[in-house]
Structure formats: C-alpha cells, structure tokens
S.K.: 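Take a look at this one; I'll ask things after.
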Amino acid sequence: MKLSKYLLPVLKETPSEAEIISHTLMLRSGMISQSSSGIYSWLPIGLRVLKKIENIVRDEQNNAGVNEILMPTIQPADIWNESGRYEDYGKEMLRINDRHDRQMLYGPTNEEQVTDIFRRSIKSYKELPQLLYHIQWKFRDELRPRFGVMRGREFLMKDAYSFDIDEMKSEDSYNRFFICYLKTFARMGLKAIPMAADTGPIGGDLSHEFVILSKTGESDIYFDQRILQEDESINEIDYEGDLKKPVEKFKSYYSVSDDKYNESEFNKNVDKQNQMQSRGIEVGHIFSFGTKYSTSMKANVLDFDGKEKSVYMGSYGIGISRLVGAIIETSHDEKGIIWPDVVAPFLFGIINLSPKDEIVSSNAEKIYNYISDKYETIYDDKKDNAGVKFSRMDLIGIPHQIIIGNKSKSDNEIEYKNRRTGNSEFINIDKIDEFIKRFPSYSAI
Ligand code: ATP
Ligand code: MG
C-alpha cells in the first residue's frame, strides 16, 4: 500500500476528549473517527487491526470446534418478552418500532436469538453438544461511554453459546471455552487472568472474567502473580485431552476484583511474595447459566429415556473492538503505538527519505514490490520531510521499518529499524533475501 494513496489522517496534537492513551493514540494515528458519543467509524488502518484481532478470535473458536453463524443486529422484541428480559434490560437497550409498529431492538447480546435458533433446529440429546458463535456488532446505550472503543455504545463482540444435556456436560463446554480463551489472548501477546465472577442467582463457580493488566483498567484486581508464568503450558493443552485438569490448575491461582477484595482472605490464599495488585481491563467473560433461557423459552430436547428436558446453556463473550484499545494500553511508548506482529496493520513500513531522487525511488519501489509480495507493507512515498516520516511510522506502530535513501550510506544499503527495541542495522540490498527470512509469515487479512 502506498501512503500517497491511503487515508491516514494522523494528528499532531493530543485530542482534548481523550482521557487514556489508547484513545489518544487511536485518534492520533487515524484509526477511528468519532460519529457520535461511543460510536466510531473505523478508518483503513484501524479496520486492518480490528480484522486481525477478529480473525485470531475466529481461528481459535474454530480450533476449539465451535461453529460460526451470523445472527442479525436487529431482533424482534417477542423473544425477549418470552425470556422476560425485554422489561428488565432497561435503558441500555435501543428499542425501535418498524413501519407496522412492531417492537424491535438492536441486539445488546444474543441469548434469546440463539435459543430460538436452537429450539427450531435441535430435538434430540443425540445432537448435543451444540457450540455456536458469531461475531457481530452490538449496541448498548451505556450510561457513560468513554475511553474510545473500550466502552463504546456500538461495539464488536464475539459471543458464543453452548447447549448441553446436563450440568456435567455443560461444564465440559465451559472448560473448552476457558482453554480457548487462554489460547486466544496468549496468541495476541496478552497475559489474561481468569478471575472468578458473579454467577447471580444460579450460583456455582462457572463464571470467569478474563482481565488483562493495565494501569488504565476500570477495576482493581488482586491476584497470585505466579499465574503470569503459565504461558508456556497454554499452547500444549489439547482439546482432545482432559480439559478439567488444566482448567482447575488455572482456577487454583487466586484472583479477585476490588469489590470482593478482603485483606485477610488475600493473605490466607496467597503468600506475601506472590501477592500482586493491578488495574485490569475485562476483555472476555464466560458464564454458565443452566436452564434459565431454555426453561422460559421452551428449548427442550428428548433425552435417551424419551423424556423432554430443558438444555443447559452457557455464553461466552470477547470484546473484539475493546481489544484494539486494550492491546495499545499494554504496548506503546512516548512515540506512539507498538503493534505486536500478529495484529499489526502492516508488518513492514518502508520509508523513502528522498522521493525526488530517481535512484533512491527506483530502489525503494523495487524493495517495496519485493517485500509487499510476502508481507503486508505500507510504503511512505510521500514528499514530507524525514522527521515527519519517522514520527508518523512510529506513531502508527509499524513493527518493522525499512529506511531507504540515507545520504551517508551507499545506494546499496538500506536501514532496518525494529520499532519495539529501537535497534537498527544496515543491510546490503543484495542480501535482502537472507534478511527477509528472519520474519515469520502471518496470514493476510
Ligand atoms: P462490562 O462490565 O465491561 O460492562 P459486561 O459484563 O457488560 O462488561 P459482557 O456482556 O460479558 O460484558 O460482554 C462480553 C465482552 O464484551 C466483555 O468482556 C467486554 O470485553 C466487551 N464489552 C462489553 N461492553 C462493552 C462496551 N460497552 N464497549 C466495548 N466492549 C464491551
Ligand atoms: Mg456492561
């Protein structure tokens, strides 16, 4: 992609409405443009990151054996009346009347819709479990939309739902998603801590929030820091094998949020040297709620004894658009964003320092063609001065940068700079084949 043909409205100044660094950097680097409070348009470079995250989430859901569907954004009020939530949901729900004056709503979540699909399609215990997910925009009229995409009104969520014949099987599904979430966040370079959460009237211990550590999180968490060393073991967990054991292991590390924190409990459960406190951002939530919706909505199946039974359900959410902000919160410096390779909008950025110089430009063009053949690449061919170019490439967080046209070097040498380490080295153009082999390939969007 040539920058001269790309929409990248970067800002020099810090926008006054931004309270946290990720919001500032997303606006400054031209990723999003506010439409109204808590509602954003995604500009080209922001959309690329959103899609990268979406695809990692999708891939990990598929690996866990969950089937993708796509439910509508607009739902009929009828099914919400059946579950009893139409009244209960309150002002967060955006309610709409169609031309025939039928009550509709913009979905804040999809339990009712997916239960309706289930009861129309599945009749027997033999067809269980059913694990379904979709990735769709949600609308919640949040009281205080803030922090940009972190707490928006319109936001992209992956929500999944499980249907099982009994409580025990439902726990198996829960464990599957628990592991899937650990794998998903680890793949994005995030350390996500599973934290026991409220289950409401149903009780049990099958509700966890996945929280990543960040100074700007909305809640404080207290936890056993040894969980941070468990990364390695996550990749080795196989869905074919026993999932209960690894889940129990992760559950055994103590963690609570500030609303449930109690000093003596914390001291009792975690040795002083392992105690850690941090603010955290909730990026996912998994929840088993038994037969709550299946009973009210009559989602029954025939069990092996021929009797009708309400199915056991769970729901599993990941805030995809929130993750864009969350990753920036954990990965930036004073110059701007530092994208982890796997979610970077472009893996490579090429800076041409002398676009008016024919030799330099023809070299740059060749290198651009060569690298962009293998990796997603943005080529700064604009006529701005060097300072502007360097700071723009750093601001938008491109992890691997190639600088061409350094006057003090021969025409055969290019500079490679690593955004994260800041280290740079000179590479001979004839050795570019060798150089490029250092970088693993990531699938394109
Ligand atoms: P929160 O406590 O942050 O309001 P929630 O409990 O309402 O979250 P869920 O209904 O479990 O969230 O939704 C699943 C995921 O969707 C959350 O873990 C979060 O990552 C994301 N999410 C929820 N609300 C928003 C929002 N307003 N903007 C962006 N992402 C959101
Ligand atoms: Mg909420």
Side-chain angles (χ1 to χ4, degrees), residues 19-20 22-23 26 32 34-40 42 46 49-50 53-54 56-57 61 73 85 88-94 106-114 133-162 174 177-178 180-182 184-185 188 190 192-200 202 206-214 216-221 257-260 279-289 292-293 313-330:
E19 295 170 59
I20 59 171
S22 59
H23 190 194
M26 285 182 76
I32 51 171
Q34 184 169 348
S35 165
S36 64
S37 169
I39 304 180
Y40 295 89
W42 291 79
V49 177
L50 186 70
I53 294 173
E54 178 182 328
I56 291 176
V57 171
Q61 293 288 302
T73 53
R85 284 210 295 180
D88 290 354
Y89 216 91
K91 288 197 163 168
E92 265 193 29
M93 183 189 275
L94 181 65
Y106 196 114
T109 178
N110 283 62
E111 282 81 4
E112 284 79 359
Q113 188 74 77
V114 78
Y133 77 97
H134 81 154
I135 295 174
Q136 180 62 288
W137 293 89
K138 302 286 186 287
F139 190 92
R140 294 182 186 173
D141 207 349
E142 298 275 356
L143 186 59
R144 246 177 268 114
R146 55 181 188 162
F147 304 155
V149 299
M150 296 271 240
R151 184 166 295 284
R153 293 199 295 165
E154 192 180 55
F155 59 96
L156 189 60
M157 196 204 283
K158 184 286 299 177
D159 40 326
Y161 303 89
S162 64
Y174 185 88
F177 281 99
F178 193 109
C180 176
Y181 275 38
L182 291 173
T184 303
F185 297 125
M188 291 174 200
L190 296 172
I193 296 180
M195 195 175 67
D198 279 340
T199 44
I202 295 157
L206 297 187
S207 174
H208 284 84
E209 288 172 0
F210 287 77
V211 177
I212 60 169
L213 308 181
S214 156
T216 49
E218 287 187 292
S219 61
D220 248 315
I221 62 169
S257 60
D258 44 7
D259 49 329
K260 284 188 226 95
R279 293 195 81 72
I281 303 169
E282 180 196 323
V283 288
H285 188 185
I286 62 178
F287 189 23
S288 217
F289 42 74
K292 181 175 173 201
Y293 297 93
M313 292 174 58
S315 76
Y316 313 88
I318 291 182
I320 293 180
S321 48
R322 178 178 287 183
L323 272 167
V324 180
I327 292 172
I328 296 174
E329 289 294 331
T330 63

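In each ligand, atom 1 is the first atom listed, and ligand 1 is the first ligand listed. Note that this is a predicted model, so its numbers are computed, not measured.
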S.K.: Identify, by atom number and element, the atoms of ligand 1 in contact range of E142, meaning under 4.0 Å from any of its heavy atoms.
M.R.: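 Near E142, the atoms of ligand 1 are 24 (N), 26 (C), 27 (N).
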S.K.: Measure the distance from atom 22 (N) of ligand 1 to every protein heavy atom, then report the residue, atom name and distance (to 0.1 Å) of the closest one.
M.R.: F155 CE1, 3.6 Å
S.K.: Starting from atom 19 (C) of ligand 1, which protein heavy atom do you reach first, and at what distance in Å?
M.R.: R322 NH1, 3.5 Å
S.K.: Can you report which non-hydrogen protein atom sits closest to atom 1 (P) of ligand 1, along with the distance?
M.R.: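 Its nearest protein heavy-atom neighbour is R151 NH2, 3.4 Å.
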S.K.: Checking ring-ring contact (aromatic ring centres under 6.0 Å, His included) for the pair F210/F178: CA distance, chi angles, key distance, verdict?
M.R.: CA-CA 9 Å; F210 287 77; F178 193 109; 5.5 Å; yes
S.K.: Can you see whether E111 engages T109 through a side-chain donor-acceptor pair at a distance of less than 3.5 angstrom?
M.R.: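 Yes - a donor-acceptor pair under 3.5 Å links their side chains.
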S.K.: After noting the C-alpha distance and the side-chain angles of R85 and E112, does the key distance pass the salt bridge (Lys or Arg N to Asp or Glu O under 4.0 Å) rule?
M.R.: CA-CA 9 Å; R85 284 210 295 180; E112 284 79 359; 2.8 Å; yes
S.K.: Under 4.0 Å between a side-chain nitrogen and a carboxylate oxygen: does that hold for D141 and K91?
M.R.: no
S.K.: Would you say D159 contacts ligand 1, with heavy atoms under 4.0 Å as the rule?
M.R.: no
S.K.: Do the side chains of E154 and K138 get close enough for a salt bridge, i.e. N-O under 4.0 angstrom?
M.R.: no
S.K.: Of all the atoms in ligand 1, which lie at a distance below 4.0 Å from a heavy atom belonging to G284?
M.R.: 18 (O)
S.K.: Distance to 0.1 Å, residue and atom name: give those for the protein heavy atom nearest to atom 13 (O) of ligand 1.
M.R.: M157 CE, 3.4 Å
S.K.: Hey, are E282 and R151 close enough for a salt bridge, meaning a charged N less than 4.0 Å from a carboxylate O?
M.R.: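 R151 and E282: not salt-bridged.
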S.K.: Should one rank E92, R140, H285, K138 by closest heavy-atom distance to atom 12 (O) of ligand 1, which comes out on top?
M.R.: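 Closest candidate by heavy-atom distance is R140.
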S.K.: Within the distance-only criterion (no hydrogens, no angle test), does the side chain of R279 pair as donor or acceptor with the backbone N or O of L213 below 3.5 angstrom?
M.R.: no
S.K.: Return the residue, atom name and 0.1 Å-rounded distance of the protein heavy atom closest to atom 28 (N) of ligand 1.
M.R.: G152 N, 3.1 Å
S.K.: Do you see a donor-acceptor pair shorter than 3.5 Å between the side chains of H208 and Y174?
M.R.: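 Yes.
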S.K.: Judged by non-hydrogen atoms, does S321 sit under 4.0 Å from ligand 1?
M.R.: no
S.K.: For M150, is the nearest heavy atom under 4.0 Å from an atom of ligand 1?
M.R.: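 Yes, that is the case, since the closest heavy atom of the residue is under 4.0 Å from the ligand.
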S.K.: Below 4.0 Å from ligand 1: does a non-hydrogen atom of V283 turn up there or not?
M.R.: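 Under 4.0 Å: yes for V283.
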S.K.: Assign the ring pair H23 / Y40 to parallel, tilted or perpendicular, where the plane angle (0 to 90°) is split at 30° and 60°.
M.R.: perpendicular
S.K.: One residue to check: V149. Relative to ligand 1, which of side chain, backbone, both or neither has a non-hydrogen atom less than 4.0 Å away?
M.R.: backbone
S.K.: Could you tell me the residue and atom name of the protein heavy atom closest to atom 2 (O) of ligand 1, and the distance to it rounded to 0.1 Å?
M.R.: E282 OE1, 3.5 Å
S.K.: For atom 21 (C) of ligand 1, which protein heavy atom lies nearest, and how many Å away is it?
M.R.: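 Here the nearest protein heavy atom works out to G319 CA, 3.6 Å.
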S.K.: Does a side chain donor of either H285 or S207 reach within less than 3.5 Å of an acceptor in the other side chain?
M.R.: yes
